[in-house]
Each structure stands twice: as C-alpha cells, then as structure tokens.
Amino acid sequence: MAHPFQLFNTLTRKVENVEPLVPGQLTFYSCGPTVYSFAHIGNFRSFLTADLLVRTATALGYDVRYATNITDVGHLTEDDVTDATGEDRMARALRSREGQQFANVWDLARYYADELISDWKHLNLREPSVRPRATEHMREQILAVQELLDRGHAYETKQGVYFSVASFPGYGSLSGNLDATTLEQSVRDVVSDPEKKDARDFALWKKDDAHLMQWYSPWGWGFPGWHIECSVMAMQYLGDEIDIHAGGEDLIFPHHECERAQSEALSGKPFARYWVHTRFLQVEGKKMSKRSGNFHTVRDLLASLEKGGRGVDPLALRMTLLAGHYRKPYNFTFDTIRAHTRHRERLTEALRAVNMDPMDAAQGAGTSDPASMGSFEPLYDRALAAMSDDLNTPEALAVLFEGVKRILSASPGLSRDEQNQAAAWLHGMNRLLGVVYPEHEGAQEPSATQQDDTHIDELIEERQKARAEKDFARADAIRGELTALNIEVMDSPDGVRWKRKTTF
RNA sequence: GGUGACGUGGCCGAGUGGCUAGGCAAGGGUCUGCAAAACCCUGUACGGCGGUUCGAAUCCGCCCGUCACCUCCA
C-alpha cells in the first residue's frame, strides 16, 4: 500500500494505523438514521465520512465490506422512560401534519427510507455492500436478547429486559463515562423502571402491547431496545469482530457504548477495532435546529426554486460538506455553498477542457489507473496521501483545485495525450472524492425540468439568430429576459452555453 | 459540575519548530459586439499574556472565547 491508512480511534483517542483483522480486507459498519423524517445535512455529514472512508480504503487496495443500516423501528425518545411521556419518534411523526398522509408507521418508515436512498444517490454516496433494516432482523434481535439472558448479562422485569452494565467491566471505556455516580445522577430525574438494578442498565426489550410497532417475544408483545439492532446486524453481516465502526459523535454515548457492551458480552471477542465519529456541524454559527431557523434537509437544498427549494447543485452540496475535516467543528453557511458552487463550475470547465462531457463522464469512465495519469500522478498521490491521513478532505480538495487550475491554464492547447492523462486523473479524483461528476444514473440536476429547458432553448435560439444578423439590441434584450429568469448566457467559440444562476 | 475539542488574513480552510498550502471574495490587466467563462498580476494571517529555543502559528503554562458530549439527536 502506497500510504498507511490512519484514522483517529475514539477508543484510544489517538490517530492509529488501520490494521484490519484479515490483511487486505476491511469490514466496516456505519450507523444509519431512524427514518422518521427527511434526512438533513447533519445526517449526511456523517454518512459522507463513511463514504469517504470506503472510497479511501478502496483506493488503497482494500477489499471493503460496508454495511449501513436503516433504523425503521420507532424507539422511545427516552430509552428508560416507561410512562406516557416517553413517546415513540415515529408515532409522533405520524401525528404531525406531514405524517398524516401515511396509513401507519410502516408506510411512514418505508417512505422516508426511500427518500433517504434518493438523497444518498444525489450526493454521490457509494451504495453499501448491504443495507439491513431493523424490522427485518427481529428474530435475530430476540435471539440475541435471549442469549444475553442465558449468559447472565441481562435480566427481566415486569416492564422489560435490561442489559446489566455491572456484568460487563469494560462499560464506559469508549465514551469515558466511567463514573457510575454521574450517570446515576443524570438519569435521576426521568421516570424509570423501579425494578432496574442499576441506573446505568439499558433496555434490550420493552414490553408494550400498545406500541404502534410490536412483535411477539418470549417476554410477550413489545419491541427491541435501540442498541441491539446494530449489534445484531453488524455481527450477522460482518462477523463477531469488525474492523471499523462509525457514526455521529452523539452516538458515542449511549448508543455505541451499549452496542459494544452487548456485542462483546455475546461473542466474548472485541467488537470493533476502530471507532470513527463525525462531529456535529453548525449552521451559520449556531447549532442546527428548527427553532433557530437554520435547519436544512438535503431535499430542501437540492429542490428547485419553483418547488420551494434552494436549487443547490448536489455535488456542490457534497463538496461543501466535505470542505471541513470530519473531526473539527465545521460551520456550514450559504457563503460556503456559493464558493463550492463556483468550484463545481470550474470542475465542469476542466472536464470540457479535456473533452469529457460533464453530463456523462461516468459512462466514458476511461482508465484511472495512476500509471496512465502521466505527470498528474503526483497530484493523485498527494490527494490519496491526504485522505489516508485521517481523511484530510480539505487538503485533498486543495490538490483537486490545483490540478484543475493546471488543466485550465494549459487549455486550450493540450495535446491529445495530455487530455487523456488529465481525464484519467479526474476519474481517479472522482473515485476518491466523488465531487467531479455524478456516479449514479439520473442523480444530476433534480432541480431542472424539461419544460423550463425547452422555453429557455427557444430564447437562446432566437438570440443567436439576432446575433447572426448583428441585431445586438435585440440580442441584449433577450439576454435581459433570460437574466430575469435567472439564466446566464455564455457565448463561446464552440457554441452558446447557459446555466442557472445561484440565487442564495 | 465532569469530560473532550477548537480559536489561522474580509471569508472558508491546510500546515504543527525554520522553506510561511489552496480556494472564495476584492482590485488591476488580457480576451470578448456586449457579457460571462478562462488566463495573468496584486494581497503575508495565525485569540491574549508569559515561557522554552539561535528561531514558534507550530512546544509548555496561564487567561479569554466558541462548541460538543454527559439527556432524544448524525
């Protein structure tokens, strides 16, 4: 391997060389969202970290097996609370105005899961090797809970089944929440099961025959605890010991701490070797929340202006999200989106300069073997080195811009050979970063509609005619009309091009 | 209260002991019927105060500020 793959491991609080269990292979589990609403940019910052991890590992030559789940069970908003205030997130979503279109929670979950995958593709995220869903692994979860009971790591009360934290000495080492008293105090003011033996114990199964999603178990009707699904699915698809486990920083505690305890109690082996956590982003300098008015879903940003969206180019959004290092606080702003929309335009210019049609660059995906990049190979190497170094995306982007500048300064005038080398480099950079051109069929420009385009093309046509007749007054008038439609026209030696102007 | 992270030019962001990324925005120029794109040029920053050192944005200490987790959240 050209570069050692290094990642910050939450467990050891150090940047470490990634040494997989089986050399050359990498098993990776990334925690997905609960699908009770549209995914927001914060969700995707974390999914993007997973995506970049997979791309980098693949580029380094690892054979990656990548699982990411969909949580389609509505867990309680407070894990321990058994009274009426501990409401299920999905049940709440169903009652909301938007949720009333769904017949039941199952429909709601299915709808948002589909939307998640649609956003996923727009943002050029790689498809996982497997995308398991919690509801489709109920039997395995019940068996796991039973196994924990049999092994003496869990106990049953009138209200549920709990994992006994005292039975697992390593509890707390991932999050640093080692102090039992602190934990006890923090859960003191919520209503909890009086039969729980230890305040830290968490639910494996909740008995509840009134819950909107319920299954039959050895303990009667109810539903599984939040953490058990990931243990079960990770172990089923990747094995008892996995190499890397990732998620948002909020998952360090309690989710990953609990997941780890359960899994290791089940298998008797270390669960994940490296834990990778993505920091929350801020939006316009503040924590993203609906109340602050800075809450953005991916679909709102990508949707066209006509449809009430912001008309952001999907890959510009992707680039904006990866412009900050995943472990550092990152302030997401519209200024930054604007800057990256510009970068996308330059990238498109570069694709043109090397004779790649930006719209179907994916089809023409020629070779991107570093050897065929010629003098661009060092630039690829630097980007790969940056990504290998704990996913240093800002550095990798800087390398990308350097290469783009190099291509544009030399063009026109690039030889056929140079064009091919530059094209191979751009393909390689796209495989690594996914910001050069879309990789999924139909993932580009969800904002554009056929109708708009026809009208615009007519105006352009008319203007061209006027220009040919040297009727520049008429040509400029049409330009004005187009400008009013937020269309910018660009004349060039090889024809007219136009684009929608950024309006945010 | 406990634990942790971060503070770089107008803005976004690398760098982590000497060689001082990259981009956006701005100003000037080339090109163009106009405009855009593109290209060329200009711009020397590291929260504060001490300390270590021949030399610190980079190491150490203190202070100030911002954020996060400990409680549903990616």
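In what follows, chains are A, B, ... by sequence order, proteins preceding strands, each numbered from 1.
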>> Using 30° and 60° as the class boundaries, would you call the ring planes of A/Phe401 and A/His340 parallel, tilted or perpendicular?
In response: tilted

Margin query: Is it the case that the base of B/rG23 and the side chain of A/Arg344 share a donor-acceptor contact (distance under 3.5 Å, atom types as modelled)?
Written below: no

Short heteroatom pairs, N/O only, protein and nucleotides 65-67 of chain B, under 3.5 Å:
{"from": "B/rC67", "atom 1": "O2'", "to": "A/Arg279", "atom 2": "NH2", "distance (Å)": "3.4"}
{"from": "B/rC67", "atom 1": "O2", "to": "A/Arg279", "atom 2": "NH2", "distance (Å)": "3.4"}

*Classify the angle between the aromatic ring planes of A/His296 and A/Phe332 as parallel (below 30°), tilted (30 to 60°) or perpendicular (above 60°).*
tilted

TODO: Check whether the side chain of A/Arg479 and the base of B/rC34 form a donor-acceptor pair under 3.5 Å.
DONE: yes

Exercise for the section: Would you classify A/Ile252 as touching base, sugar-phosphate or nothing, given that sugar-phosphate means primed atoms plus P, OP1 and OP2, and contacts are heavy atoms under 4.0 Å? Expected result: nothing

note: A/Leu11, atom CG; B/rU3, atom P; distance rounded to Å ~ 19 Å

Result for 5'-nearest mapping on RNA chain B, choosing between A/Arg382 and A/Thr333, is A/Thr333

Taking pairs as Watson-Crick (N1-N3 plus N6-O4 or O6-N4) or G-U wobble (N1-O2 and O6-N3), each distance under 3.5 Å, the stems of three or more consecutive pairs with RNA chain B are B:1-7 with B:64-70, B:10-12 with B:22-24, B:26-30 with B:38-42, B:47-51 with B:59-63

key: Rounded distance in Å between the C1' positions of B/rA21 and B/rG27   = 23 Å

message = Centroid separation under 6.0 Å, is that true for the rings of A/Tyr162 and A/Phe202?
response = no

Original post:
So, do A/Phe472 and B/rG33 meet the stacking rule of ring centres under 5.5 Å and planes under 30°?
Top reply: yes

Between NE2 of A/His227 and C1' of B/rC72 the distance, given in whole Å, is 11 Å

